[in-house]
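Written below as structure tokens is the structure these notes are about.
Letters A, B, ... are given to chains in the order of the sequence lines, protein chains preceding strands, and every chain is numbered from 1. Everything numeric in this text was worked out from a predicted model, so none of it was measured.
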Amino acid sequence: MKSVVVAGGGIVAWSAAAALKRKLPMLDVAVVSFEPAADALADRIINTLPSIVEFHADLGLSDEDTIIRAQSGIRLGTRFSGWADGSADYVHAYGSYGAALGGIPFHQLWLREGHRSAYDCYSLSAELGRSDRFASTGPKDAQIGYGLRLNIDRYGDLMRAYALHLGATERAGEVVNVELLDNGFVEALRLADGTRVEADLFVDCTGPAARIRSRVDDSFEAWSKWLLCDRVSINEDHEGALLDDVRATPNGWSSTCAAAYAGDELGLAIRQGRLSEPWIRNCVAIGDSAVSVEPLEWTNLHLAHSQIDRLVSMMPGKDCAPVELAEYNRQCNAEADRVRDFICMHYVTARLSEPFWKDAASVELPPSLKHSLSLFAERGRLPYYEEETFTRDSWLAVLFGQGFMPRRADPLAYALPAEEIENTLRTTRGSIASFAAAQPSYREFIAQMGQRTRS
Amino acid sequence: MGDEGKLNVVIVGGGTAGWMAAAALVKLLPTRSSVTLVESEAIGIVGVGEATLPHIRGFNERLGINEAKFMAATRATFKLGIEFRDWARKGDSYIHPFGAFGRGQGEVDFHHYWSRLNEAGAPVSPIGEYSMAVTMAYANRFALPDPDPTKIESTFNYAYQFDATLFAPFLRGVAEGLGAKRIEGRIIDVELDGESGNVAAIRLENGERVDGDLFIDCSGFVSLIIGRALNEPFEDWSKWLPCDRAVAMPCRTETALTPYTSASAMDAGWRWRIPLQHRTGNGYVYSSSFISDDDARSAIIAAVEGEPIAEPRVLKFTAGRRTRSWVRNCVSVGLASGFLEPLESTSIYLIQAAISALVELFPEKKISPLDRDEFNRLIDLEYDRIRDFLILHYHATERSDTPFWDYVRTMSVPDTLQEKIDLFRRRGRIVKYREGVFLDASWVAVYTGQRIMPEGHDYRADLPPVDALVAGAEKLRAEIAAKAARMPDHRAHIESYCPMAVAA
């Protein structure tokens with residue numbers, strides 16, 4: 001493998017180019033750039049998950065680069081409002097919830113105690129978010145996770161500049177034709193100005209239209225029987241607090257930076273689902289061209305990053321041997337399907353009376369989600385799935401938050417005396433509250449980081 | 001949230017599986033189970049599972065077992081891996097270590113750099129010389145791993161080689177101390193409830209009837225409940241794992257006390273060698289389609305290194321497992337649920353996996369099919385992954401010198417394994433699973449040891465210049481060798497840490 005062409009002009013394309021040049025500098029990487037598609041969610045949704053911080057660190061970018069220079073905000077999680085009639089709001093925060101005791105998972109202690117305080121009282125990130133304070137690391141046994149709220153223009157500029165700095169080249173121009181060889185491999189892209197761009201591998205970051213990949217194969221697995229939203233609206237305004245509010249609406253949900261809903265003529269149309277095989281021959285789809293999913297849990301850019309990491313670490317030879325692609329596709333598909341499950345879980349555990357919500361809650365579950373929910377309903381145990389994006393803490397935060405409770409606590413939790421469990425829970429709540437109270441406000445934190453960066 | 005009282009758990013059989021299960025339940029679920037174990041002193045235990053995997057340390061820790069006491073009681077030695085001799089070709093030898101190659105850190109696995117140096121024709125040592133565990137093993141040295149993850153002495157793990165006939169009594173002490181009841185007696189009948197089909201009770205020879213809510217079948221190969229009474233079918237895997245007999249014969253230890261188990265290929269199977277403090281276990285695992293019992297017996301007698309301390313004893317088995325390990329209110333653990341030859345020391349691991357899954361999915365009186373199905377799913381996964389790993393050892397051979405080796409070399413293997421082999425051969429990649437007992441380094445050890453060499457490597461391994469890689473690899477090799485040389489001799493470490501009591 002010697003040369004790679006990345007098609008697309010948004011964050012995803014430039015991130016792919018930067019990662020390829022940073023990790024595999026022996027490759028020639030050219031970006032065929034043009035305006036990102038309006039429905040390319042990974043290029044346009046400003047909210048991201050904690051994995052973005054690792055992605056940056058891996059690329060040699062610091063929080064100072066992304067938070068100060070590219071003017072990103074910080075986000076500790078999402079507050080869900082009105083997802084179940086009669087239930088309080090809850091926070092799905094990143095990082096840990098409580099800590100295990102004597103080998104017994106924390107949530108089993110919480111269940112055993114009778115869950116007298118809300119589950120998110122045991123998350124330091126949630127507490128920081130509610131009190132508008134921030135720290136990037138917590139004390140022992142209380143892990144903080146944070147994602148970023150991107151300033152799309154600034155961040156796109158940063159990633160483009162970084163990719164070019166690392167040696168990627170740019171060819172501005174629309175793709176007007178994809179030239180295929182007899183064996184189905186892509187030979188070259190024809191641009192609007194008549195130039196022809198050849199490469200060994202073509203990385204399609206062009207959004208849901210998959211302008212290159214769709215010429216090779218477009219078998220698609222639609223998720224519409226599980227995820228009913230088919231419209232999205234996006235607001236790239238980058239102001240926001242540490243916690244985002246996601247409110248249920250009569251036919252979907254809405255937040256300050258995005259909304260998704262069903263059966264409305266307004267907004268951008270989306271078709272949720274994934275390609276059957278994201279990588280075929282010498283053409284791989286990354287981001288929305290591979291997976292299109294509503295931005296409910298802000299997974300769009302996360303999935304693209306994860307696919308980019310996989311592309312780098314599993315780069316095949318020029319012949320793109322099927323045995324190598326099969327493992328890549330297996331991992332990508334497993335990951336996408338579990339994101340689908342996690343999002344679908346929000347709807348099936350919501351308890352609202354509007355027709356949309358009744359329909360959304362009564363879909364026939366994908367088998368893997370059915371497996372997870374039925375085991376959970378029994379004793380709060382979640383089975384392990386390969387390539388899972390969301391941690392057990394995240395699953396639990398949403399399930400408990402929505403009031404979806406298991407029939408009983410795990411028998412293991414009964415091995416400990418009730419007083420010991422109660423004490424542990426009380427101490428955990430207390431130390432979270434006192435740690436949070438001692439941290440600077442979000443604004444102060446950013447100001448201090450800004451001073452350090454400039455000095 | 002129901003707190004509905006205790007389940008009466010009846011464990012049938014008191015070997016390693018039975019007493020491990022009893023000890024775990026009384027320790028971990030004291031408020032949910034009352035445990036009765038039925039065993040007969042007249043029935044011997046199979047007890048070939050003398051070599052273990054590192055997972056057993058977690059089991060012991062959870063039970064609060066003191067390592068040195070346990071090792072002294074079971075006359076145990078340390079185990080850093082398994083040596084395979086003569087598998088791909090006669091004269092070959094490699095160790096599958098419990099530990100990493102290289103430092104086990106960094107985003108590109110060490111073996112990619114190693115492959116690159118091989119492809120470039122650069123000077124490079126066998127991959128085992130870049131493994132702390134392998135180097136210690138060959139030098140007969142042992143020290144506990146360093147807790148500091150930046151040190152090379154932290155890059156290995158260890159297990160034990162012990163006398164399985166002493167492990168069960170040791171655990172019996174633990175279990176009885178925590179309230180497990182033991183009943184002596186031979187089981188003559190299993191009584192099923194006419195309506196539900198559940199096991200209602202077992203009947204003993206002396207007329208006693210033992211009833212329970214949950215039965216754990218640890219009866220070994222006879223599979224008294226799940227096999228005989230509940231007729232759960234057995235999935236036969238002998239087309240891939242044709243060995244169906246073993247002849248075992250312990251002997252005195254004549255040579256150094258090796259901190260590893262050996263598995264030497266033989267004409268119609270392979271031979272184990274497991275050094276304990278007081279003796280060395282030996283056995284020939286073979287296929288009766290390819291060699292007679294008499295010839296196998298002669299072969300083991302000829303092969304043992306020291307004075308035999310018992311007559312050769314023949315065991316018969318079939319590779320495979322029950323379709324379901326948990327049926328109705330009976331959970332089978334150990335040999336009652338299935339058998340995989342001890343090539344990778346998985347027997348006790350499989351017992352432990354079943355017990356962990358049972359503890360995690362411990363039922364109520366009315367057993368939920370969800371818990372049962374999940375248990376069976378987890379156990380199947382364990383069996384299937386180990387099965388593939390075992391088949392790899394046989395299939396990835398160049399030997400055609402005996403009909404047995406010719407058969408395994410040319411047999412067709414499960415698709416799941418063929419894909420793994422193809423992927424490694426192509427570019428040194430390991431099919432990625434986080435779950436399962438054998439992780440990447442184990443697969444790398446066996447692939448390369450069995451002469452499946454990758455045709456390519458991870459592109460990122462091309463970044464450093466060859467000279468720098470050669471120098472780095474040599475520095476690593478020298479550091480490992482120097483660190484190993486400073487560690488105590490294996491026997492000396494045992495004598496200071498966990499010597500067995502002098503025989504009375």
Side-chain angles (χ1 to χ4, degrees), chain A residues 1-2 20 22-27 58 102-105 111-115 309-310 312-317 319 321-328 330-331 334 370-371 373-381 383-388 405-418, chain B residues 1-7 25-33 58 61-62 107-109 112 356-364 368-371 373-375 377-378 381 418-436 455-463:
Chain A
M1 188 70 72
K2 292 205 164 54
L20 286 166
R22 168 88 183 179
K23 300 287 182 177
L24 304 172
M26 69 290 266
L27 297 179
D58 221 29
I104 299 161
L111 287 169
R112 165 88 165 82
E113 181 241 19
H115 44 88
D309 284 343
R310 209 169 271 131
V312 164
S313 64
M314 301 181 72
M315 183 62 71
D319 58 352
V323 63
E324 294 188 71
L325 271 45
E327 176 67 3
Y328 174 93
R330 182 186 73 78
Q331 292 180 22
K370 188 173 179 195
H371 179 224
L373 291 185
S374 53
L375 280 173
F376 178 82
E378 191 60 28
R379 67 172 79 211
R381 183 176 177 279
Y384 174 81
Y385 272 78
E386 301 284 346
E387 310 302 334
E388 184 89 82
M405 305 307 280
R407 194 167 65 76
R408 59 184 169 133
D410 195 292
L412 280 172
Y414 290 87
L416 291 175
Chain B
M1 200 112 328
D3 179 355
E4 49 127 49
K6 292 186 175 188
L7 252 64
L25 291 180
V26 290
K27 172 77 180 180
L28 300 174
L29 295 168
T31 64
R32 284 306 163 103
S33 60
E61 232 165 75
R62 231 176 145 192
E107 47 190 271
V108 181
D109 285 341
H112 288 288
S356 303
L358 175 61
V359 165
E360 256 191 60
L361 294 161
F362 197 72
E364 296 168 299
S368 156
L370 282 169
D371 290 341
D373 293 350
E374 179 67 0
F375 178 93
R377 184 184 76 88
L378 292 171
L381 199 69
Q418 193 58 52
E419 284 159 22
K420 290 180 184 119
I421 295 174
D422 291 346
L423 192 67
F424 186 80
R425 202 189 291 280
R426 179 87 197 162
R427 197 175 299 281
R429 299 206 196 285
I430 312 295
V431 171
K432 186 179 150 212
Y433 291 112
R434 275 194 289 167
E435 253 185 340
E455 287 156 7
H457 52 263
D458 192 305
Y459 278 86
R460 292 168 294 177
D462 278 333
L463 292 183

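Proximity to chain A (any heavy atom under 4.5 Å) is shown, for B:Glu360, by both the backbone and the side chain. If you measure heavy-atom distances from B:Val108 to chain A, you find no contacts under 4.5 Å at all. Interface residue A:Asp319: only side-chain heavy atoms are found under 4.5 Å from chain B. With a 4.5 Å cut-off on non-hydrogen atoms, A:Glu324 touches chain B through its backbone and its side chain both. Within the 4.5 angstrom heavy-atom criterion, atoms from both the backbone and the side chain of B:Asp422 approach chain A. With a threshold of 4.5 angstrom between heavy atoms, B:Leu29 approaches chain A through side-chain atoms but not through N, CA, C or O. For B:Arg460, the parts sitting under 4.5 Å from any heavy atom of chain A are the backbone and the side chain alike.
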- Item | B:Glu374 vs A:Glu378, side-chain contact (heavy atoms from CB on, under 4.5 Å): CA-CA, chis, key distance, verdict | CA-CA 11 Å; B:Glu374 179 67 0; A:Glu378 191 60 28; over 6 Å; no

- Item | Trace of the salt bridge (charged side-chain N to carboxylate O under 4.0 Å, His left out) decision for A:Lys2 with B:Asp462 | CA-CA 13 Å; A:Lys2 292 205 164 54; B:Asp462 278 333; over 6 Å; no

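Of the listed residues (A:Ala326, A:Ala377, A:Gly103, A:Gly317), the greatest number of heavy-atom pairs within a distance under 4.5 Å of chain B belongs to A:Gly317.
Under the ring-ring contact (aromatic ring centres under 6.0 Å, His included) criterion, B:Tyr459 pairs with no residue at all, not counting sequence neighbours.
Side-chain N or O atoms of A:Arg379 include one that pairs as donor or acceptor with a backbone N or O of B:Leu361 at under 3.5 Å.
Note that the CE atom of A:Met315 and the CZ atom of B:Arg427 stand 10.0 Å from one another [nearest 0.5 Å].
Other residues, nucleotides and ligands contribute more than 12 heavy atoms inside 6.0 Å of the CZ atom of A:Arg330.
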